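On a predicted model such as this, the values are computed, not experimentally measured, just so you know. Just so it is clear: chains get the letters A, B, ... in the order the sequence lines come, proteins before strands, and each one is counted from 1.
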Amino acid sequence: MLIQEQIAQVVRRALALAREQGLLPAGPLPDVVVERPPRPELGDFATNLPLRLARSLRLPPLEVAQRLASLLSPSEAVERVSVAPPGFINFTLRADWLCQQVDAILQAGATWGNLDIGRGQRIQVEFVSVNPTGPVHVGHTRGAVLGSTLANVLGAAGYQVVREYYINDAGSQIDAFARSLWARYLQALGRPASLPPDGYQGQYVVDMAQELRSQFGESLLALGEQEAQEKVKAWGVQRVLTMIREDLQRLGVEFDVWFSERSLYETSCYRKVMDILRQGGYLAEREGAVWFVSTALGEDKDNVLVRSSGLPTYFASDAAYHYHKFVVRGFDRVINIWGADHQGHVPRVKAMVQALGIDPQRLTIIIAQMVTLKRGGEMVRASKRKGELVTLRDLVDEVGPDACRYFFLARSADAQMEFDLDLAKKQSQENPVYYIQYAHARMAGILRQARERGVESDGGDVRLLREPAELALVRRLVLLPEVVQTVARTLEPHHLPHYALDLATAFHWFYDNHRVLTEDRALSKARLKLVEASRLVLARTLALMGMSAPERMEKG
RNA sequence: GCGCUUGUAGCUCAGUUUGGAUAGAGCGCAGGCCUGCGGAGCCUGAGGCCGUGGGUUCGAAUCCCGCCAAGCGCGCCA
């Protein structure tokens, strides 16, 4: 249990006791919120419970605080309980307790920060899911970083996580792509052909057609047109998926499951879902199409599931897919990460899930807002039409995977962001990525030195850590589980980079004020423990963000 | 027009879920710290009508309503 939860319990008990003893009148029990005071002098934790109680008890908040505080005594962890206007109770942690956390961290090792708030629940994070018709571009990259980080953190928080990529291999976009590839293939063979009007204009299609030619020569021409196009389609999808998989790997993004949309039709899933909807009275036929009557669930308008041509829409696939997630595979919770351009789709899918008899609360859809690129102080304009979007590969080639991940993570998903390529590339103090990684390299450097000098932390007495800079660092280390909890609850990973920056700051400050390896053998051992623990925690934080923790920095 | 998201220091952003203490951080700027584990570091300082106008409240960056500005969406595309 996190320390602030222990404090919250103690406060709850004190309130109950105060009421028993007639110190405070009976009344409702509000949520006890334990937070951090705005300034460190005030202590490590605070509760505003007296302020919240004051009105219903008809007592001045400060009076409530004093009466409650009189029942709160120092403990193993808490050194001081104090009351502050207008009605806060503040708690200061004991230095001994803090120091002992260093040993606790060393013992926990790479599991420090793990929690069990997921209680083994099965959770699926579906992200990226770019159509297999072209490369992953910057907008998708944000979702990739977000999703993979969220999956890491949820795993640390005690969920069983499945990372999934949904392959849209059934829709009309795939057909348009296949026709484009076919046209480029013909052109590669010197035959007259032109790109269809809805075709894909990117250079990568031309390149792939060249590959197709060197692999198959003219042999595809011998097949019937139908057969040849099917073959080209299947080949093209696989080729694009391979490219996407490789690109994502360079960013440190991997998936457990690559789920095919087509499979929903090959199995009976799609049929089953349509039956459920029909039985629930959610289907209507109008104008030759089959509609999902989402207006019955408070939606603005109904949505087409099966076109008048008889072909199902992507929305029908989505219905079957979500049924598969929740019912066939039985995930307790599902998180979808989509781009801002899918915003309008959210209420529809929520309504659909509800219509399928699934509690929509179990589905969370995170919308990642748009990304624009800036270089040399100017926006990088991209034309989708001409296939001139900046791709994930371009971005990673230019700024590297760590900077790429950090910058995407640092901004909350809700807000549009500007990705400053020049800043991300800069190897200087302007770039927080280097500030943080440099802290890790410094830690590693000290540990290296210690090994060379034969100094070991074994038997080090952490109670020797008493300096403000030492304790400030410990306070940061102890914070990681709380950060994991926050991210797992809010699904907002942008807290991680901020924490990493704070941790690095605390370490740099400690480093600047105190030397670790000195003639004082006992103190050296104690500080070495602190450095070991710091390295462990920073490395874990970076790992959760999918970033590397360098042992040394290249001199720039 | 309607819906979703955003607007906080010169710049990039936290803080808004659960209303509470003097609104925070990084960069940039001004000044200071280099004989020791890597100075890609450390310290000090200046810098804010929290988009705007109302409202609720003992108390609002945070909740409610209006307005302004930016992005995205509102197809038998995905």
Using a 4.0 Å heavy-atom cut-off across all strands, classify A/Tyr511 as base, sugar-phosphate, or nothing. base
Classify the nucleic acid contact of A/Glu287 as base, sugar-phosphate or nothing, counting any heavy atom under 4.0 Å across all strands shown. base
Nucleotide nearest A/Arg307 when distance is taken to its side chain, options B/rG38, B/rU18, B/rA78: B/rA78
Specify the separation, in whole Å, of atom CD1 of A/Ile436 and atom C1' of B/rC13. 13 Å
Using a cut-off of 4.0 Å on non-hydrogen atoms, how would the nucleic acid contact of A/Glu551 be classed: base, sugar-phosphate, or nothing? nothing
Between B/rC42 and B/rU52, how far apart are the two C1' atoms, rounded to whole Å? 41 Å
Side-chain donor-acceptor pair present, A/Gln361, A/Gln354, cut-off under 3.5 Å: no
So what does A/Thr518 touch, heavy atoms closer than 4.0 Å: a base, only the sugar-phosphate, or nothing? nothing
Would one find a side-chain N or O of A/Thr313 under 4.0 angstrom from OP1 or OP2 of B/rA78? no
Just checking A/Tyr435: base, sugar-phosphate only, or nothing, at a heavy-atom cut-off of under 4.0 Å? sugar-phosphate
Could you check if a side-chain atom of A/Thr47 sits within less than 4.5 angstrom of a side-chain atom of A/Ile7, using non-hydrogen atoms only? no
So A/Gln416, base contact, sugar-phosphate only, or nothing? Heavy-atom distance under 4.0 Å. base
Using a 4.0 Å heavy-atom cut-off, does A/Pro38 contact any base of the nucleic acid, only the sugar-phosphate backbone, or nothing at all? base
Within the 4.0 Å heavy-atom criterion, would you say A/Asp302 contacts the bases, only the backbone, or no part of the nucleic acid? nothing
Mind checking if A/Arg515 touches a base, just sugar-phosphate, or nothing, with heavy atoms under 4.0 Å? base
Between A/Ala415 and A/Arg348, just flag the one whose closest nucleotide in RNA chain B comes earlier from the 5' side. A/Ala415
Spell out, as yes or no, whether a donor-acceptor pair under 3.5 Å connects the side chain of A/Asp44 to the backbone of A/Leu93. yes
Under 3.5 Å, is there an N or O donor on one side and an acceptor on the other linking the side chain of A/Asp502 and the base of B/rA14? no
Answer with base, sugar-phosphate or nothing: what part of the nucleic acid does A/His514 contact at a heavy-atom distance below 4.0 Å? base
Need one value for A/Arg39: base, sugar-phosphate or nothing, where a base atom within 4.0 Å counts as base even if backbone is also close, heavy atoms only. base
The nucleotide from B/rC37, B/rC76, B/rG3 with an atom nearest the side chain of A/Ala289 is B/rC76
Looking at the side chain of A/Leu501, which of B/rA21, B/rG26, B/rG20 is the nearest nucleotide? B/rG26
Look at the side chain of A/His508 and decide which nucleotide, out of B/rC13, B/rC76, B/rC42, has an atom nearest to it. B/rC42
Would you classify A/Pro37 as touching base, sugar-phosphate or nothing, given that sugar-phosphate means primed atoms plus P, OP1 and OP2, and contacts are heavy atoms under 4.0 Å? base
For the residue pair A/Trp338 and A/His342, categorise the inter-ring angle as parallel (less than 30°), tilted (30 to 60°) or perpendicular (more than 60°). tilted
Mark yes or no for a side-chain to base donor-acceptor pair under 3.5 Å between A/His345 and B/rA78, with no hydrogen or angle criteria applied. no
What distance, rounded to whole Å, do you find between the two C1' atoms, one in B/rC27 and one in B/rG47? 14 Å
Suppose you measure atom C1' in B/rU22 against the same atom in B/rU18; what distance do you get, rounded to whole Å? 23 Å
Give me the distance, rounded to whole Å, that separates B/rA14 from B/rG73 when you measure between the C1' atoms they each carry. 28 Å
Which class fits the ring pair A/Tyr321 and A/Tyr166: parallel under 30°, tilted 30 to 60°, perpendicular over 60°? parallel
Mind checking the C1' distance from B/rC67 to B/rC74? Whole angstroms is fine. 23 Å
Reckon A/Asp31 touches a base, only the sugar-phosphate, or nothing at all at heavy-atom distances under 4.0 Å? nothing
Which one, B/rA21, B/rA78, B/rG59, comes nearest to the side chain of A/Arg55? B/rG59
Output the single nucleotide from B/rA21, B/rC37, B/rC13 whose closest atom is nearest the side chain of A/Leu42. B/rA21
Using a strict threshold of under 4.0 Å (side-chain N to carboxylate O), is an ion pair present between A/Arg411 and A/Glu418? no
Assign A/Ser172 to base, sugar-phosphate, or nothing according to its heavy-atom contacts below 4.0 angstrom with the strands shown. sugar-phosphate
Sidechain N-carboxylate O distance under 4.0 Å for A/Arg52, A/Asp31: no
Taking B/rG31 as the reference, what is the distance to B/rG24 when you measure between their P atoms (whole Å, please)? 26 Å
Considering only the P atoms, how many Å lie between B/rA25 and B/rG66, rounded to the nearest integer? 36 Å
Of the listed nucleotides (B/rU12, B/rG20, B/rA78), which one gets closest to any side-chain atom of A/Asn131? B/rA78
Would A/Phe88 count as stacked on B/rG20 if the rule is ring centres under 5.5 Å and plane angle under 30°? no
Below 30° counts as parallel, above 60° as perpendicular, anything between as tilted: where do the rings of A/Tyr314 and A/His345 land? tilted
Integer angstrom distance from the P of B/rA9 to that of B/rU62: 15 Å
Give the nucleotide from the list B/rA14, B/rA21, B/rU5 with an atom nearest to the side chain of A/His494. B/rA14
When pairs are called at under 3.5 Å and a stem needs at least three consecutive Watson-Crick or G-U pairs, the stems of RNA chain B are B:1-7 with B:68-74, B:10-13 with B:24-27, B:29-33 with B:41-45, B:51-55 with B:63-67
Quick one: is B/rC76 close enough that its OP1 or OP2 comes under 4.0 Å of any side-chain N or O from A/Trp291? no
